[in-house]
Amino acid sequence: MTKKNIKIAVASGKGGTGKTTISTNLARAIAKNRMAAQYLDCDVEEPNGHIFLKPEIQKSKAITIDVPEVDSNKCSGCGKCSDICQYNAIVSLKKIVMTFDQLCHSCGGCKLVCPTSAITDKAKEIGFVDIGVAKEIGFAQGRLNIGDIHTPPLIKQVKKAASSDSVIVIDAPPGTSCPVIEAIKDSDFVVLVTEPTPFGLNDLKLAVGMVRQLQLPFAVVINRSDAGDNEILRYCSKEKIDVALEIRDDIKIAKAYSRGEMIVDVLPNYEDGFTDLFDYIDKNIQLQEKS
Amino acid sequence: MKVAVTAQGKDLASEIDLRFGRAKYLLVVDTDSNEFEVCDNTVNLNAAQGAGIQTGMNIANLDVEAVITGNVGPNAFKTLDAAKVKIFLAKKCSVQEAIDKMKSGELSEIDNANVEGHWV
């Protein structure tokens with residue numbers, strides 16, 4: 001039996017390989033042909049799934065994190081707060097204590113060790129979570145405030161918008177660092193999107209290292225598959241990694257993309273590919289649950 | 001007066017470190033006697049973030065009147081400013097040359113960061 005709320009994360013080492021193209025079309029194909037689906041845009045530094053899905057936003061919520069605020073009248077200047085901070089976000093210069101909100105990871109350590117209770121929490125807005133619907137699928141996205149760097153805590157909030165009775169498709173940020181880990185870590189399956197170029201291969205290797213470290217099941221999707229060389233296929237075969245879907249370099253896709261249109265809407269002959277991708281993932285998850 | 005100089009080595013002949021936060025050593029020089037002490041700053045060389053802030057705090061704790069370095073970003077400036085440490089900028093030269101230039105008034109004191117911050 002297919003579980004209703006499986007989580008599929010779409011990631012990539014390299015940027016611009018087609019994470020949003022794959023994740024938006026996958027979510028749409030699942031909802032049209034299989035079961036309820038929800039798309040979560042966790043690429044909160046530059047969310048762009050909305051360009052293609054054109055959702056109707058029903059609710060927008062400001063997201064805040066706690067950062068320390070110091071009452072200088074209560075501060076004894078002991079410096080314990082600055083000693084415990086691993087991120088150099090709070091500095092004690094005898095009686096002057098300075099805080100650097102952008103460096104703070106909201107661990108609360110400074111507040112705990114302060115012997116005079118001079119430190120309290122202050123809410124700092126880092127961005128927004130928008131929740132809505134896009135035709136037949138659920139939609140949520142995070143928008144990090146410009147200039148802010150608190151990407152992982154905002155991604156965590158986007159994931160809290162996940163519906164319990166839909167397949168969740170997570171559009172992850174590029175790269176292999178903290179924001180990506182936050183986006184994919186509790187997924188049932190990861191799709192790694194790449195392109196057949198030396199850059200695509202180099203960054204795919206990094207992404208494979210990341211998902212193996214996290215012990216997550218995964219497969220590769222090659223976008224613009226006939227545009228470059230065969231090195232991705234060679235690498236995947238050597239590493240025994242499944243290539244679950246190849247999408248060829250089709251100018252019709254590029255044209256649709258440039259107009260903000262979905263592949264499954266304007267080029268229906270590609271729809272089966274996305275539905276098959278879901279069936280492949282679904283089968284894979286079921287097999288793993290059995291073993 | 002006591003001046004801290006960001007340095008790549010442990011003596012007055014070594015080159016100054018143009019990077020403030022990630023300087024390997026801080027040389028605390030008495031400009032009257034030319035005697036100096038070496039403070040190791042390598043912890044910050046490898047800091048994930050906030051190296052300028054931490055180095056600024058180290059310098060504040062050295063009770064110096066001024067610091068000579070190559071570049072100072074916004075967070076380091078904020079820390080040094082709060083600690084009332086004057087900041088003088090120097091170009092590539094030895095620690096001794098930097099001290100001499102400061103004494104002869106050739107180094108300019110800054111009242112703001114001279115480079116942008118970098119978060120990661």
Side-chain angles (χ1 to χ4, degrees), chain A residues 15 44-46 65 67-70 72 75-107 109-110 124 126-127 144-155 173-182, chain B residues 2-4 6 17 19-24 26 28 39-67 69 71-87 110-113 115-120:
Chain A
V44 302
E45 289 178 19
E46 40 213 334
I65 56 163
V67 294
E69 185 162 52
V70 184
S72 57
C75 174
S76 66
C78 71
K80 283 182 180 159
C81 52
S82 121
D83 289 344
I84 198 173
C85 184
Q86 298 301 299
Y87 300 100
N88 295 323
I90 187 162
V91 169
S92 170
L93 302 162
K94 291 168 188 128
K95 283 285 280 177
I96 308 165
V97 178
M98 285 188 297
T99 55
F100 296 85
D101 291 352
Q102 290 288 11
L103 301 184
C104 178
H105 283 53
S106 307
C107 73
C110 53
K124 174 185 153 55
I126 56 169
L144 189 67
N145 284 349
I146 290 171
D148 208 295
I149 57 161
H150 292 95
T151 314
L154 183 57
I155 291 173
T176 51
S177 63
C178 301
V180 189
I181 309 287
E182 187 64 51
Chain B
K2 265 167 78 180
V3 177
T6 55
D17 200 326
R19 302 172 308 169
F20 176 75
R22 294 181 194 276
K24 250 191 197 165
L26 302 170
V28 182
C39 293
D40 192 294
N41 195 46
T42 42
V43 177
N44 289 319
L45 189 64
N46 301 315
Q49 61 174 30
I53 296 168
Q54 193 60 44
T55 303
M57 199 171 98
N58 287 351
I59 287 178
N61 290 331
L62 291 171
D63 280 323
V64 294
E65 243 178 85
V67 60
T69 189
N71 296 300
V72 174
N75 288 345
F77 180 83
K78 199 174 149 190
T79 309
L80 291 170
D81 191 48
K84 300 193 166 50
V85 176
K86 292 176 187 163
I87 308 163
I110 53 167
D111 56 6
N112 221 323
V115 286
E116 281 182 32
H118 40 84
W119 296 110
V120 192

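These numbers come from the heavy atoms of this one structure, side chains and all, not from hydrogens, waters or symmetry mates. Residue numbering restarts at 1 for every chain, and letters A, B, ... go by the order of the sequence lines. The structure presented is a predicted model; accordingly, all values stated were derived computationally and were not measured.
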*Asks:* Nearest 0.5 angstrom please: B:Ile59 CD1 to A:Leu93 CG, how far?
*Replies:*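 Rounded to the nearest 0.5 Å, the CD1-CG separation comes to 11.5 Å.
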*Asks:* Sort A:Ser82 into side chain, backbone, both or neither according to what part of it lies under 4.5 angstrom from a heavy atom of chain B.
*Replies:*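 Looking at A:Ser82, just its side chain touches chain B.
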*Asks:* Of all heavy-atom pairs between A:Leu103 and B:Asn75, which one has the smallest distance, and what is that distance?
*Replies:*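 Looks like CD1-ND2, 4.2 Å.
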*Asks:* Identify which one of B:Met57, B:Gln54, B:Gln49 satisfies the side-chain contact (heavy atoms from CB on, under 4.5 Å) criterion when paired with A:Asn88.
*Replies:*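 Between A:Asn88 and the candidates, side-chain contact (heavy atoms from CB on, under 4.5 Å) is satisfied uniquely by B:Gln54.
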*Asks:* Give a yes or no on this: more than 12 heavy atoms of other residues, nucleotides or ligands lie within 6.0 Å of atom NZ of A:Lys80.
*Replies:*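 No.
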*Asks:* Which atoms of A:Phe100 are under 4.5 Å from chain B, going by heavy atoms: the side chain, the backbone, both sets, or neither?
*Replies:*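 Looking at A:Phe100, just its side chain touches chain B.
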*Asks:* For the NZ atom on B:Lys86, are there more than 12 heavy atoms of other groups (residues, nucleotides or ligands in this structure) within a distance under 6.0 Å?
*Replies:*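 No, not enclosed.
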*Asks:* Show the nearest heavy-atom pair for residues A:Ile96 and B:Ala82, with the distance to one decimal.
*Replies:*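 That would be CD1-O, 3.3 Å.
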*Asks:* Would you find more than 12 non-hydrogen atoms of other residues, nucleotides or ligands less than 6.0 Å from B:Lys78 atom NZ?
*Replies:*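 Check passes, neighbour count above 12.
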